Amino acid sequence: MSAAFDILLCLMILATAGIALFVRGAFAAIAFFIAFGNLLGLAWLALGAVNVALAEIAVGAGVTGVALILACSRLFELGDNLADVRTPLASRLGSAALCLGFTVMLAGVVLTIPPGDRLSKVVAPLLPGLGIENPVTGVLLAFRGYDTLLETFVLLGALVAAWSLTPDASRRLPPTTMVMTDPTSRIVAEAFTRLLAPAALIIAAYLVWVGSDLPGGAFQAGAVLAGALVVATLGGVVVLPRLDSLAARIALMVGPLTFLAIGLAGAALGGRFLAYPDGLEKTLIVTIEYALAISIAAGLALLAIGPPQPMPNNARADAR
Amino acid sequence: MLVEGGHVFAVTGAVLAGLGFYSFLVKRHPIRQLLAANVVGAGVFLMLGGLGRSPGGADPFAQALVITGIVIAVALSALGAAMVVRLAACGDKDEAPLGEKREGP
Amino acid sequence: MTSESLLLPAAVAWPMLLALASLTPGFRSCLRAALPLAPLPALAAAFLAPREVLVNAPELLLGGGGLMLTDAGAVFLGAAAGLWFCAAIYAVRYMRDDAHPVSFALFWNLVLAGNLGVFMAADLASFYVFFALLSLMAYPLVIHDRKPASLRAGTVYIVLAVIGETALLVGFMLAAHVADGAIMIEEVRAALTASPTQPATLWFLIVGFGIKAGLMPLHVWLPVAHPAAPTPASAVLSGAIVKAGIFGLLMFLPLGATFEMVGSVLAFLGFAGLFAAALLGLAQTNAKTVLAYSTVSQMGLIVGVIGVAQAAGTPAASVLAAVALYALHHGLAKGALFLGVGLAQHTTGAWRWLVVMVLAAVALSVAGLPLTAGAMVKEVIKEPAGALGASLIGVSSLTSGLILARYLFVLPASATQTRPPLMLLAPTVALAVAALCAPWMVLTWSAATIDYEPSDLLSQVVDAWPLGFALILAGIVVLLRLKCPTLPEGDLLFLMRQGLLGANATLRRVGRFAQAMATPVAREQRTKQRGAAWLNYLDSLERAAQGQAAIGGLLLLVAAALGAALLYG
Amino acid sequence: MSPLDLLVATPLGFMLAALAFGGQGRWLILVASPLMMSLAVWLVFLPPDAAHVVGGWDLPLGILLRGDGVARVFVLGAALCAALVGLQALYEFSPQSGGPSARNRGFWPLFYLMWAGANAGFLTTDLFNLYVALEMVSLAGVGLSALGSLQAALRYFLFALMGSLAYLLGVALLFANYGTVDITLLARTAEADAATLMALAVMTGGLLVKSALFPLHGWLPPAHAAAPAPASALLSAIVVKLGFVILMRLWFEAFATLAAPIAVGLLGALGAAAVIYGSIQAMRQRQLKALVAYSTVAQVGYLFVAFPLVAAAPSAAWSGMTLHAVAHMLAKAAMFLAAGLMLKAAPGRDIADLVGLARVMPVTVTAFALAAISLMGLPPSGGFAAKFMLLDAALDQGAYIYAAVLLGGGLMAAVYLFRPIAVAFSGAHGRAVALKAPLAAVAPLALAMCAIALGFFGVAFAELAAIGAPWAQGDAIGGVP
């Protein structure tokens, strides 16, 4: 039964992926990509990885989807209709042969590896020492805390890189000038946001809190908050701050800074870099998670919305 | 035997990676290529998850790697999208192109 | 380690220090004044430093090597240091109005350090490093005045220098290989002597050193580069730097073992250069170019002797001492003659006659006038040169005499100044005196290795008939006001350029003819396309590598190839 | 506290500080440069077996940081480059420079991010941690090259993305197969099964993109040619080297027993092709920065020519290979900085526009020429010492083809690098205008001098690079599957 479900799910995943990759229209492609992300989330649930499922749906499908949709609509506005240049048949055939060979080899190799849980036996005995029960949180914030620390800086760096593309003229603008113009949908979005925002805040706080014991955690919470922020911005309820405003800077930096400071404090107190002092593990981990959730929310929202766009000429005239 | 473990998902991941690669090769628009890269990434993650599956649940270590990977992927995708939009908006012209004469301080 | 042996590192470190100092702004005012100080430690080392004592710093370069002064090295070192010293004093005055004093001082000192280091290096790595320092840092000196002609000369120079460096590197690596990884020069030479199956190594070494020593036909850079440099730099280029090539040959060729092929080719090239260069030089109008050809000719003599010795398996000791003595005389004399060119520019009237007399005395010595140092060194070097070599050397007095007469004849004149500046006169005369005296002093010191028995005066005078003949010829030319034919500088180079231009024109003519025969337009386009076809191919290759398909496709292909290799390897 | 942690944590702290201070953040480099240099020197003088796991979590769960010889020399080289390039950038990205302020501010956080990422990558033995470090460096690289040309940056981005994914695929296969991604553990357990071989192949493919080996170099020339000088310097010096270091760790440590001679030979052949192809393209370039960029393609080739030599007899070739990488780091950074200054003074971007530049900016042209000496492999320079060691190894093994490539590459480098120098020295009446920033030439000159000085310390360098080298543990590398 469950096997049949798995196979069906996988077929659906492949189908949505195929459509997302090869459908002609760009918007349709992204819509199917989001559907593909949600199905992947289901797959992760089927694999028993609730943490990843949450992250995949919120971050992988949600935030990436929003970023791509916004990018597409901006490209349309700029006159780029995302038309697909047909590659020559020979090149397509060659690519197909190459990729088919690659897929067959990869699938064959994958089948030689017996599936199995390799490290939970190593992880489990260490968790009581940390005072938390969710092994994934333990890996993310303790055993592989170094990876996670560096990864938060990747997020921050991506944001800086994206924003340094902005021309100076539009730097004074808030991150997006794109607000829904259709009055009806705008009212809907506004009303939706007013309901959603508090709920999202609560859900996020809860996700972080339970993250230490149950599935959840900083990334998932950050993604939920980011989603709320994006919707609110598109609805015109919230105006995201400029990157060089104090609020934005604090929100973006509090997570990495807290993480780095606690890591260095561990080293300064005689332990190792990123080692938590005895007894304080859970407190410190939860502190880091809340700080990270704020920064991730701000970072993902700003990334998804994209840097401020130079206004087209007619829009600039309207603004006057 | 094939079905008991996570092989179904792992093989699906492998096929996704292949599909994504093919799409990356034949699609010329950078947004579509970004999409393709995301599918390849998702395929790799699914492979990792599928091969980390056991009757008792999924390998927490693999889960953590995947979460880290997803966040990096979204950061890169958003940066890529921003670059494509900016390129379409302004062409390849920076405000102070290289080679332009500037007076030093 | 005694304090005297510290003179060796000091001899190279001190000029490098001065070079560094020339970069500091506060030092600019006394840049030129400090030039003569640079070779002083080396001069002291040539006289005082203990021989055959290794001074090393194991941390530097490849480790295990160091500096060591041999007897022959000391002669070369002393000659070079003396020449550099005089040329530096000369440069203080001569370069007074120079536009780039910093660059002159910097590269002067660096080349000096390299030149001195070559004569003291005990291992391959330091020898190579000093040699390269010498070769490469001389480039800025060649192009110092930045005139188009100098830049062209510099390009020829640097191209040949880099080719020479590469050949030398290969030669050294192969030699070290033959010597089982030993890098001390003595061990390497011993290994080369013992293994007669390594002529390839020798050829690389000969090309590398031959370029520096102006061995025909690798000499093309010399007649263009030496005249291009400022006069004091020309003096050291021709007097001291060229000797580095000779010294290299002496150090690395397995003298004492019999390599007939290598030796004969060297001897042939050397003696051919001895005459050919002198004759080519006769057709020059620039005094410095004439001197440069004379240098090629004289170096040909030395290489010829080395070649004969190599072919005959003459023991190294006798060759070393004789060649060192000859090189000492030639270096000092050629330095004096080069400095004389600049001096003559500043002199008229009676002073000019005096200067010309001094230079003529030096020139006669180089040509081998009996009783002079020049005749003595020729006599000494005839010993290892064999019978044929000895007679060739004897006859070469004719060409040497002619080319130096040509030099005196084309010396530039000055219209303004009558009295030469002391700072120019003194070093020239000092070098001239040193050229005439120093070989005798060295002869008395090294009596153990050189047995020089002066023959009686009459036979000496009789033996000097070619020189007399040369003087008579020169006299006839002057009296009848005959004109020498003129040739462009850099003989072979010029021929090569002309040849290429000619070939190009001919090809074009042939092409045009072919076009005329065929249907005009289509053919023309096709030839054009075909001519640039491989360039177009490179362009499309690069476009493909940068293209979208390359991003994933090439990656997969490379990975697949690697995978296959891993699987079946 | 250990430099193994601080070398990563400190630049990350500076990144945050640069963001916090905004426009004034650029002055932080004056503190960061000496601080990072002293940390790098501290690392060099650590005891030979310096290593620890982050946070005290043991393998296979945790991440092992290790200061072996390779890490030491590369961290030190990167610190020298980044410190001096940073000082140059202080001038290049000042508000007075006239660039857009977003660009001027964006540079600094990305600069520190790249520095941290590079150090993290050099020091870690964890393949997934290396993935994160690789992404830090690539992301910063894309961001920096976007400061010059978006088109080129986008192409670089797509290349880097594919390279990362290929690498990640390999990491996933390895983890699934062995339950660990630590190099030291893999070295003990690796077997020649299909999964491992495929992982090694795709990871190598991905990393070859990152290290710009022909024919996967397509992203490099446009990105380098268009980026501002300090960014090009960092791309050539640091970004390319990180990929290479990971490849070294994979082929000579983790999977040393699987590295079949024919596979290593394939890498060597690609390297030889890169030397020839890059040199020919460099000769054909009309623009100065494009020439320097193609020279990087050629120089990267040398690193891979050394692969088969190391695999056959590591001890000599190993030091030659690492020394070449570090010497290229310093010399190429110097050359890009010098070229940037020269182009600012010259009327155009072509080599022909450099006429008379030596008169106007002698120090800068000298720095360019010194860097060229090291790149050509002429003595006395780091490039020469490296070539000497590699050539020695090649002749020792009878690999005459590689020896010929090494020598021929040097000659070709002399040809293409001599061209701009000759033009700069020629002509009295160029249209170049002197920059009003005399101190700007200090950084390229210092870097070039370091590249030259490296040649004098070949032995000391070889000893440093051999600390904890995999072949020093008594096992021969390669050959035996």
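Labels below follow one simple rule: chain letters A, B, ... track the order of the sequence lines, proteins then strands, and each chain is numbered from 1. Nothing here was measured: the structure is a model prediction, and the numbers come from that model. Hydrogens, waters and symmetry mates are skipped; everything else that's a heavy atom, side chains included, is used.
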Next item on the list: Let me know if A:Phe143 has heavy atoms under 4.5 Å from chain B in its side chain, its backbone, both or neither.
Entry: neither
Notebook entry, point to check: Do you know which two heavy atoms are closest between A:Ala107 and B:Val11, and how far apart they sit?
Noted result: CB-CG1, 4.3 Å
Next item on the list: Among A:Leu98, A:Leu140, A:Asn134, single out the residue with the greatest number of heavy-atom pairs under 4.5 Å to chain B.
Entry: A:Leu140
Next item on the list: Kindly indicate, with the supporting measurements, whether the criterion side chain to side chain contact (heavy atoms under 4.5 Å, CB included) is fulfilled by A:Ile7 and B:Phe9.
Entry: CA-CA 8 Å; A:Ile7 290 172; B:Phe9 292 100; over 6 Å; no
Checklist line | Interatomic spacing from SG in A:Cys72 to CZ in B:Arg32 - rounded to 0.5 Å | finding: 8.5 Å
Margin query: For chain B, which candidate among A:Gly108, A:Ala67, A:Cys10 shows the most heavy-atom pairs at distances under 4.5 Å?
Written below: A:Cys10
Next item on the list: Please confirm whether A:Phe22 and B:Tyr22 have ring centers closer than 6.0 angstrom.
Entry: yes
Margin query: Which heavy atom of B:Gly18 sits nearest to which heavy atom of A:Thr103, and what is that distance?
Written below: CA-OG1, 3.3 Å
Next item on the list: Take B:Ile70 and A:Val52, measure what side chain to side chain contact (heavy atoms under 4.5 Å, CB included) needs, and give me the verdict at the end.
Entry: CA-CA 9 Å; B:Ile70 288 176; A:Val52 185; 4.2 Å; yes
Next item on the list: For the residue pair B:Leu46 and A:Leu47, establish whether any side-chain heavy-atom pair is separated by less than 4.5 Å.
Entry: yes
Margin query: Once rounded to the nearest 0.5 Å, what's the spacing between atom CD of A:Glu151 and atom CD1 of B:Ile72?
Written below: 5.5 Å
Margin query: Looking at every heavy atom in both A:Leu303 and B:Leu79, which two are closest together, and how far apart are they?
Written below: CD2-N, 4.5 Å
Item checked: A:Lys121/B:Asp59 salt bridge by N-O under 4.0 Å criterion -> no
Next item on the list: Please report the shortest heavy-atom distance between A:Ser120 and B:Pro60, naming the atom on each side.
Entry: CB-CD, 3.5 Å
Checklist line | Under 4.5 Å from any heavy atom of chain A - which part of B:Phe45 | finding: both
Checklist line | For chain B, the option from A:Ala17, A:Gly94, A:Ala43, A:Gly18 that forms the most heavy-atom pairs under 4.5 Å | finding: A:Ala43
Item checked: chain B contact via A:Val123 - which portion, at a heavy-atom distance below 4.5 Å -> side chain
Item checked: Spatial distance of atom CD1 (A:Ile113) from atom CE (B:Met47) [nearest 0.5 Å] -> 7.0 Å
Checklist line | Contact origin within B:Val66 toward chain A - heavy atom pairs under 4.5 Å | finding: side chain
Item checked: Reported OG1-to-CG distance for the pair B:Thr12 and A:Leu39, which is rounded to 0.5 angstrom -> 12.0 Å
Notebook entry, point to check: Side chain, backbone, both or neither: which part of B:Ala73 has an atom under 4.5 Å from a heavy atom of chain A?
Noted result: neither
Margin query: Within this structure, what is the OG1-CG distance for the pair A:Thr64 and B:Leu34, rounded to the nearest 0.5 Å?
Written below: 10.0 Å
Check: Is it the backbone or the side chain of A:Leu156 that comes under 4.5 Å from a heavy atom of chain B, or both, or neither?
Finding: neither
Notebook entry, point to check: Can you tell which of A:Leu9, A:Asp117, A:Leu14 has the highest number of heavy-atom pairs within less than 4.5 Å of chain B?
Noted result: A:Asp117
Item checked: Contact origin within A:Gln220 toward chain B - heavy atom pairs under 4.5 Å -> side chain
Check: Among A:Gly116, A:Gly60, A:Ala161, A:Ala158, who wins on heavy-atom pairs under 4.5 Å with chain B?
Finding: A:Gly116
Notebook entry, point to check: Distance from A:Arg144 atom CZ to B:Thr68 atom OG1, nearest 0.5 Å?
Noted result: 8.0 Å
Notebook entry, point to check: Counting heavy-atom pairs under 4.5 Å to chain B, which of A:Val104, A:Leu75, A:Leu54 comes out on top?
Noted result: A:Leu75
Check: Of the non-hydrogen atoms in A:Ala46 and B:Arg53, which two are nearest, and what is the gap between them?
Finding: O-NH2, 3.2 Å
